[in-house]
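Residue numbering restarts at 1 for every chain, and letters A, B, ... go by the order of the sequence lines.
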There are 2 protein chains.
Amino acid sequence: MPALPKVLVTGANGNLGHALLPQLFENYQVYTLDRRTLDPSLIPQVAGFFKGDLTNPAFVFDLFSTHEFSAVIHLAALLSRDCEDDPFYGHQVNVNGSVNLLEAASRTRFETKFIFISSVAVFGLDPQEKPFMDLTPVEPTGIPVTAYGCTKRYIETIGKFYSRDRLDFRALRLPTILSPNHRPVPGTSDFLQELVVQALSGLPALCHLRPDTHLPLITLPDAALAILHLLKTPRAHLHQTTYQVQSFSASVQEFIDKLAHHFPDFHPQFFPDSFRQSIIDSWPASLDDQAAATDLGWSPAHDLHSALWDYLVPATKDLLSR
Amino acid sequence: MPALPKVLVTGANGNLGHALLPQLFENYQVYTLDRRTLDPSLIPQVAGFFKGDLTNPAFVFDLFSTHEFSAVIHLAALLSRDCEDDPFYGHQVNVNGSVNLLEAASRTRFETKFIFISSVAVFGLDPQEKPFMDLTPVEPTGIPVTAYGCTKRYIETIGKFYSRDRLDFRALRLPTILSPNHRPVPGTSDFLQELVVQALSGLPALCHLRPDTHLPLITLPDAALAILHLLKTPRAHLHQTTYQVQSFSASVQEFIDKLAHHFPDFHPQFFPDSFRQSIIDSWPASLDDQAAATDLGWSPAHDLHSALWDYLVPATKDLLSR
């Protein structure tokens, strides 16, 4: 039996890493790279793990000169809030970390697949001109309103120039990810998980976005599924370098109504946070993922109903009961 | 008499530096920074010069902690051809060099003006949809077709996030610069100067672009003038962070016809170079510089006629006779 192909997953300790590794380890030799020690629960799923800093080019180049990875799944990134607080550090991690990896992977003697996880934050729509329920195509207009979005956009574009030779660069643009959450300090886009926690716990419910805010969403399992599809698709089937996917698109009010149907005491109050609202207003209300369907065979497992009742509500209940 | 404000000019040894320094030195204490030793002809125009590498953050941070610059004019960059050949080095110089400067300038105790020289290469127009003679507004559409354009676009956008505090970031987007030239190996956009050399020397004339190629142009003195305008304008007068300017816009055929009027033996043959043609086809045919006119008081000194007969032809003649 031939050896399984080696794949390197960066930022494996994050949410996406936890969702992805169980899907990968039967068909790949999975190696992980993270700044922190690998979460012990992931150890059974990996062939090896490295602790190191992507912003150090010598470390990255050395890693690729001593290991032959057939694919890189690059999840490691500083999230938006941290990038806005410190654009220099955000640049080091999200841009230089990625460029170091691109350069290292492009120097290998064979073709390496490179999956870059991008974000809907690359869009910078004018809220006045924002298409409402139109499916927004992959070509962004406007300037990202976050430093985070600028870093993601740059790697989407510069990755193409590493693809001329042996690098097979592919970017996957994800919207807000829905996953169970009980963190006390929310990020830009954790508000919907917060609502599930509030509905389940009977706490006074607060919503930091206007009810008419319409946005694309993806569940964590669907995000992992999309990455797997992009990883498996042969290069000849691809017609573009950046694909975008969503599970579905919904308004905050639709999300709340769906929850309230089963939690009759759930009546959130709206206190829109102008900073978070302005960021989300610069994103499309819905993404066109037809190219992913055609080229990658992508179709989401979740719609609004199943995302809540088959995934978010039971998983959050489970988290809260621990 | 109060001391003149200190301004740091990076990449001072380049074409733009040579054009700019004579305009600056009477009103500013000019300090220069370049990888190479300062061109001796510029020494009378400077208060001091540093030889150093912008890609080394420690060097850049140290420079700003020991000198108080009220403005930075950041001209240093790897040009397009070099970025395409080596995107990693292009990234180090054009992106990391710029971000190191942005970070260093934003850490100072007072507001620093930061003038970043960007390029029409940030556009990535589809030639099928390219507006012909419409004035193209400042908001780019499409993805730059060069790595160089990607690096310039990223700094245009990330610069805004350094402007929240004490940094006063301003980007100036320039088209192809017209200046005398007699280099044997042309770059992407030196073809028009080459034609002047060929017309003057009576050499067989070759043109590497299709005659119907229409493009925005700026003379070197006009480019220096635009930088001065952007430097002098108070922050309160600015309505955007990126401005674009041109002297005029012309087709290759118009340029040739104008030259042929005085050089009756000048009959260039067209051998379009598909690589260079495809790059220039992704740029607008003409730039809308109305915002620069309104906010900065910009108006170009040159049109096609005066650019040729008052500047390019006599200056090239002068160069060739040396």
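Centroid-to-centroid, the aromatic rings of B:Phe161 and A:His91 stay 6.0 Å apart or farther.
A:Tyr162 places a side-chain N or O within 3.5 Å of a backbone atom of B:Phe88 that can act as its donor or acceptor partner.
The salt bridge (Lys or Arg N to Asp or Glu O under 4.0 Å) search around A:Asp82 returns none, not counting sequence neighbours. Residues passing the salt bridge (Lys or Arg N to Asp or Glu O under 4.0 Å) test with A:Asp34, sequence neighbours excluded: A:Arg36.
Residues of residues 101-109 of chain A placed with any heavy atom under 4.5 Å of a heavy atom in chain B are listed by number as A:Glu103, A:Arg107.
With respect to chain B, the highest number of heavy-atom pairs below 4.5 Å among A:Ile158, A:Thr151, A:Val95, A:Val99 belongs to A:Val99. Interface summary for chain B: among A:Ala147, A:Gly90, A:Pro87, the most heavy-atom pairs under 4.5 angstrom belong to A:Ala147.
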Please assess B:Thr157 against A:Tyr154 for the test side-chain contact (heavy atoms from CB on, under 4.5 Å), listing each intermediate value before the final yes or no. CA-CA 10 Å; B:Thr157 62; A:Tyr154 174 61; over 6 Å; no
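Heavy-atom minimum distance, A:Glu84 versus B:Arg164: O-NH1, 2.5 Å.
Legend: salt bridge (Lys or Arg N to Asp or Glu O under 4.0 Å) pairs involving residues 147-161 of chain A, not counting sequence neighbours, sorted by first then second residue: A:Glu139-A:Arg153, A:Arg153-A:Glu156, A:Glu156-A:Arg173.
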